[in-house]
Amino acid sequence: MKIAATYENGRIFQHFGRTEQFKVYEVSDGRVASSRVVDTNGSGHGALAGLLQGLGVDTLICGGIGGGAQQALAAAGIRLYGGVSGEADAAVEALLAGRLAFDSAVQCSHHSHGHGEGHACGSEGCGHSCGQH
């Protein structure tokens, strides 16, 4: 199993399409065997699913993510755990323990009413316009 998390300064980055790094975890016997940080090298939105697929990733943990990116991940056979925040390493450990809190309906779905409380792009310094998908 290979798990990737959108990554910035040790935390889950809150906008999949703008992440500059993923932390990729190699899992063996239900434990993290190794991990490394991978730069996206400017890849954005649509290209990120292909990047992850090329790395052999089968599971993604992220904050906010749009519908198009979700479809690309599904087409690549990558399981999505969205709406996650906090420390990346802790999120992976929680996933492996079967106790990761995630939002199965996560999506940047607030295009028509602007950023406000309760939007689905993640709560930690979102600061972006989801209308730019």
Which residues pass the salt bridge (Lys or Arg N to Asp or Glu O under 4.0 Å) test with Glu87, sequence neighbours left out? Arg11
Report yes if some heavy atom in the side chain of Ile65 is under 4.5 Å from a heavy atom in the side chain of Leu73; otherwise report no. yes
Side-chain donor or acceptor of Asp103 paired with backbone N/O of Ala105 under 3.5 Å: yes
In Å and rounded to the nearest 0.5 Å, what is the CG to CD1 distance from Leu52 to Ile78? 5.0 Å
Would you say the side chain of Val38 lies within less than 4.5 Å of the side chain of Gln21, judging by non-hydrogen atoms? no
Is there a donor-acceptor pair under 3.5 Å between the side chain of Gln14 and the backbone N or O of Cys62? no
Okay, side chain of Thr6, backbone of Phe13: is any donor-acceptor separation there less than 3.5 Å? yes
When you compare the side chain of Leu100 with that of Ile61, does any pair of heavy atoms fall below 4.5 Å? yes
Quick one: are Val32 and Glu26 in side-chain contact, heavy atoms under 4.5 Å? no
Can you find a heavy atom in the side chain of Asp39 that is under 4.5 Å from one in the side chain of Phe22? no
4.5 Å side-chain heavy-atom contact, Thr19 and Thr40: yes
Evaluate Arg79 against Asp58 for side-chain contact (heavy atoms from CB on, under 4.5 Å), listing each step before the verdict. CA-CA 6 Å; Arg79 174 178 276 166; Asp58 53 44; over 6 Å; no
Heavy atoms, side chains only, cut-off 4.5 Å: are Ile3 and Leu96 in contact? yes
Short side-chain to backbone donor-acceptor contact, Lys2 and Leu55, under 3.5 Å: yes
Given the rule that I, L, V, M, F, W and Y join up when any side-chain heavy atoms are under 4.5 Å apart, are Tyr7 and Leu95 in one cluster? no
Is there a side-chain contact between Gln53 and Leu51 (heavy atoms, below 4.5 Å)? no
Scan for ring-ring contact (aromatic ring centres under 6.0 Å, His included) pairs involving residues 47-98, sequence neighbours excluded, and state none if there are none. Tyr81-Phe102
For Ile12 and Gly63, work out which heavy atoms get closest and say how close. CG2-N, 3.6 Å
Testing the basics here: between Ala5 and Tyr25, what is the closest heavy-atom pair and its distance to 0.1 Å? CB-CE1, 4.3 Å
